[in-house]
Amino acid sequence: MYKEFKNLDLPAIDKEILAFWEENDIFRRSIVERPKDQPFVFYEGPPSANGQPGIHHVMARTIKDMFCRFQTLQGKRVERKGGWDTHGLPIELKVESELGITKEDIGDKISVDDYNKACRETVMRFKDRWDDITRKMGYWVDLDNPYITYEREYMESVWWLLKQIYDKGLIYKGYTIQPYSPAAGTGLSSHELNMPGAYQDVTDTTVVAMFPVQGGKGERGKGEKGENSNARPLPLNSLTPYPLYLIAWTTTPWTLPSNTALTVGPNIDYVRVTTINPYTEDKVDVILAEALIDKWFGGNNQPKVLEKSETFKGSELVGLRYEQLLPGATPQDGDAFRVIPGDFVTTDAGTGIVHTAPSFGADDMMVGKANGIGSLTLVDKTGRFTEDAGPFAGRYVKNYKDEEDYVDVNIDIAVHLKKRGQAFNVAKYNHSYPHCWRTDKPVLYYPLDSWFIKSSAVKERMQELNRTINWQPASTGEGRFGKWLENLQDWNLSRSRYWGIPLPIWRSEEGEEEVFIGSLAELEEQVSLANEKLGLDQSVPEDIHRPYIDEVVLWKNGKELRRELDLIDVWFDSGSMPYAQFHYPFENKELFERSYPADFIAEGVDQTRGWFYTLHAIATMVFDSVAYKNVVSNGLVLDKEGKKMSKRLGNAVDPFLTIDTYGADATRWYMISNSDPWDNLKFDLDGVKEVQRRFFGTLYNTYGFFALYANIDDYNPVGDEPVAVEDLAEIDRWVLSRLNSLTVAVTRHFAEYDATPACRAIESFVNDELSNWYVRQSRRRFWRGEMTTDKRAAYQTLFTCLTRVSQLMSPVAPFFADWLYRNLAPAGDIESVHLTYLAAADEATIDEDLEQRMAYAQRISSLVLSLRKREKLRVRQPLQKILVPALSDEFRRRVADVAHIIQSETNIKEVEFLTDDGFLKKTIKPNFKVLGKRLGKQMKAAAAAISQMTEEAIGQLESQGTYPLDLNGEAVEITSAEVDILTEDIPGWKVATDGELTVALDVNVTPELEREGLARELVSRIQNLRKDSGLDVTDRIDLQIAASAPVREAVSTHRDYIMEETLADSLSFEDGLDAEPLDLPGDETAKVALAVAAQTPN
RNA sequence: AGUCCCGUAGCUCAGCUGGUUAGAGCGCUACACUGAUAAUGUAGAGGUCAGCAGUUCAAGUCUGCUCGGGACUACCA
């Protein structure tokens, strides 16, 4: 017996199937039953379990899951090792805030040991929630043996990888500018800088400062001797009695005391302008980019240009010396206060001359180094000016301590410059500036010591390898990722933190000796060596996190070495997972080799510069290989208004609630079918409801239909001898053809990592073709009479379709698919659809001609129904015929083949073809695609000429195959293949057209047809009565009828038909019948009484 | 600020390598159907394909710019 159900309850199906999977170990079997030599390698990007899973995780994991399931269907063995990302700043910050401490307190108020213990506990806090959502959403991943990044083995593999990179000379220690939060006393990662809300619009005091050119104080006009150290004759060195300044704009006046250079664009045009200092009203000469004159001169409250020199290139300014803006400390490590060239200078903003303070800007640092100008760092790590900062010493550069009476030092600097006659412009400026997400205070860029991976050295190779990766969508690979690789910077590995993998580098105090550890065994050796040389008794700690590892002292060439205190960037942890998940190379070599590289990975686009990058970088540097061959990057899940979901806005969708309410499948199917996953998804629960109702509801109904009749007939398609192809009904062959076309399409889409069209194709097959056409057309075959070959053919066909659909949909809707599959399967069989193999489509059953014929049947039926509607002729009223113009024999054959379908669908007795040219009014249209290619510019004229063609001319074209056109005196032959000839009218008939199809309806209702119509009306009413009386569809009845004369007549004529349709054993007229009168068309009346027949024959 | 994605009916989305009536589903309105019935069919209303310019015989589709939404990257002074 097939199970029959009252209502579709997807959440209940989830639970039932989940239990079935677990009891029967289906996930494991779906892997181990596939051959080892047919692997499909998938890597799980490790989530961090210190936060709750969100609906976007359901999205990302659906993508991962469905392609893995699809490959399993294709016979691949898909191992899926889960993983957890356990280190890093987010976890540390969470712990800090929970313990109410700051970074400074670590090692003081709390030991590093206890602190790290707290991190370790926090990191898995929501593991249960994650495991729960994983189960409930049907994501198959091995969570029993996950890799965990804080485990000793994992960390050892990371060290090994780093050592490989070190041995290639790609690791160095450098001094660089990094985001730093003085308020929190900690450096920040770029990740943190990109937390929502980090960039805030702020209004800063900006200054255009005037840097006095050395030897430019008015005496320049007199000659170039004297103490002028600017030896080069300059174009600006023309006659002028006024002091000369270089002017530069800054939004951070507090960096001005640390200025050591001015940077110009070598190819930018500059000019010297004579003007008046707006604050002192002295006449001065200033140099700036010509393009920016209008920005600073001639406006309201702006000085005027009194005189202007010829332009000269920035390169001519290079080397020019100027006097330190605010005299004080000078750099010891370079030749400062010079004009230097820099590519990054533009004329978009400022003056075209860039104030350069190498300690407080990445560009500044870079260009400063290149030109050897040295640096000044007059601000300390608390955000305060140092003693060397003259009048500003000791003051905070921003209000880092929330001082009530904080006076903005930037304003004071501006005032100070004004008084000295060295301010050209002071103004407020609104721009976005990064803030520390914890303290909400502005970030400062500060020089810090760090370890780097010289990834820039392998960027060409990374780009080459990237081109071999199949990105979905391609634009992310070429654009976002490709561009990122083009401009690749070195990878800053260092994190001055506590909870992470320690850098395995030991150095002597002065840094001249260095040991880089690549394994625990190596560390063991080095420890023994150190013990021997230093007379110590150390051993390798069991836990190689801080603080234990920090206590290890090594030895080399007579020096004591201590560990560099930094940790490794967590992104290196996750990028190491292909190797570290197997503790490679210390174990599992063979397993690793067959699991590398990945065939497929998937994450959100936000991982482009995260995990996608670190996987790629490590693979390129260590193995000269890609880490993954195919990658899908999905977009964001937004709320239904298109806003980002956040707890703060309260618009976050709870994945548990969604799945509990609508089922995992409806949620998954909605997410994948609604739009391409790489577009952002506007998540709307109404959409999930619609999927549930429209797709799953329809499929469920279709199954219910099958089950209902299969049970009545006690039919079991399994083991039933397949009906020979030639004995199948046309509609069976049609739907099987469509099913196989669908299989081809779905297989191709999944193989190309393009699931959205696959879902839509399945949806449209189920809704439009299987349910609304095949089942509707075939209903009578299921309920009528004995088990014939035709009936068996119908059962077998529907069974085949449902079974195949369950396979095709199973990657996306694993629960319902399995439910459907198992309900269809014979009782007692515990097979799961997820253990089956998807057979290649049977191309032989794809019959394009048949699909075309059925398309005609559907379209012609629609036309007839619309004509009936227009003429107000209800479908139950049989009509004699329709006329269909047939301009070709092929068309006629095709329509004739499906005429019976049109007849039953529209209640018409015959389909008649019109070939007599006299009847048909033809129209002609150019085939633009074909003709346009050939004619090009003449197309317009040709289209006009063709539309002018007479019936006669069309006839000539049809009979001879060609027709000459005269296009403005030019003769052009057109052929019948280059035009479409259609009929749009049959004079004297009611017609409807759809493209090339035209149908006319015979609206004449003869008395005979009317009687038949009445009979059908009566049947319909009786059927309703049966149903209202709660009869089973198989119950037989006795009928009594009282009716007006025409109805009696109709009943007499169609007595057999009525009895057969209503399963009546007897039918009699009883004039005095006491029953509700039935509502019949016209003025006819009838009363009907029915009773269950005494005995049900069968 | 740069890079990338998106902008087609009230809503969610199709629209292949440019080809002449721009489609579907939902929603709305009317009618029909009724042995899958909390289903189904037919019809109707609803579109300057974000805007501007260009290429072309022909642009929703290709190019450039502008505007709007989003993401990523970014102290460009």
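Each chain gets a letter, A, B and so on, in the order its sequence line appears, and its residues count up from 1. Please read these numbers as outputs of a predicted model, since none were measured by experiment.
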Nearest-nucleotide pick for [X], side chain only, options being [options]:
X	options	value
A/Asn674	B/C13, B/A36, B/G41	B/C13
A/Phe705	B/G25, B/U12, B/A36	B/A36
A/Arg693	B/A39, B/C6, B/U12	B/A39
A/Arg776	B/U20, B/A39, B/G41	B/G41
A/Arg694	B/C33, B/C13, B/G25	B/G25
A/Trp484	B/U12, B/U37, B/U73	B/U73
A/Val775	B/C57, B/G70, B/A36	B/A36
A/Ser862	B/A32, B/U73, B/U42	B/U42
A/Asp679	B/C6, B/A36, B/U40	B/C6
A/Lys929	B/U12, B/C5, B/U17	B/U17

Going by distance alone, is a donor N or O of one side chain under 3.5 Å from an acceptor N or O of the other, for A/Thr252 and A/Thr255? yes

Take the protein atom [atom1] of [X] and the nucleotide atom [atom2] of [N], then report the distance between them rounded to whole Å.
X	N	atom1	atom2	result
A/Gln858	B/U42	CD	P	10 Å
A/Gln472	B/C5	CD	P	14 Å
A/Arg760	B/G15	CZ	P	7 Å
A/Phe481	B/A71	CZ	P	21 Å
A/Arg859	B/U21	CZ	C1'	14 Å
A/Lys682	B/G10	NZ	P	14 Å

Measuring only the [atom1] atom in each nucleotide, how far is [N] from [M]? A whole number of Å is fine.
N	M	atom1	result
B/G19	B/C28	P	35 Å
B/A59	B/A22	P	14 Å
B/A14	B/U8	C1'	10 Å
B/A38	B/G70	C1'	39 Å

Please state whether the rings of A/Trp669 and A/Phe696 are parallel, tilted or perpendicular, taking 30° and 60° as the class boundaries. perpendicular

For the pair A/Ser675 (side chain) and A/Ser673 (backbone), establish whether a donor and an acceptor sit closer than 3.5 Å, ignoring hydrogens and angles. no

Please give me the minimum heavy-atom distance between A/Phe481 and A/Tyr613, naming the atom from each residue. CE1-CA, 3.8 Å

Determine which nucleotide pairs with B/A1, using a 3.5 Å limit on both distances of a Watson-Crick or G-U wobble pair. B/U73

Any strand: nucleotide that pairs with B/U29 via Watson-Crick or wobble, under 3.5 Å: B/A43

Is A/Glu905 salt-bridged to A/Arg776, going by a charged N under 4.0 Å from an acidic O? yes

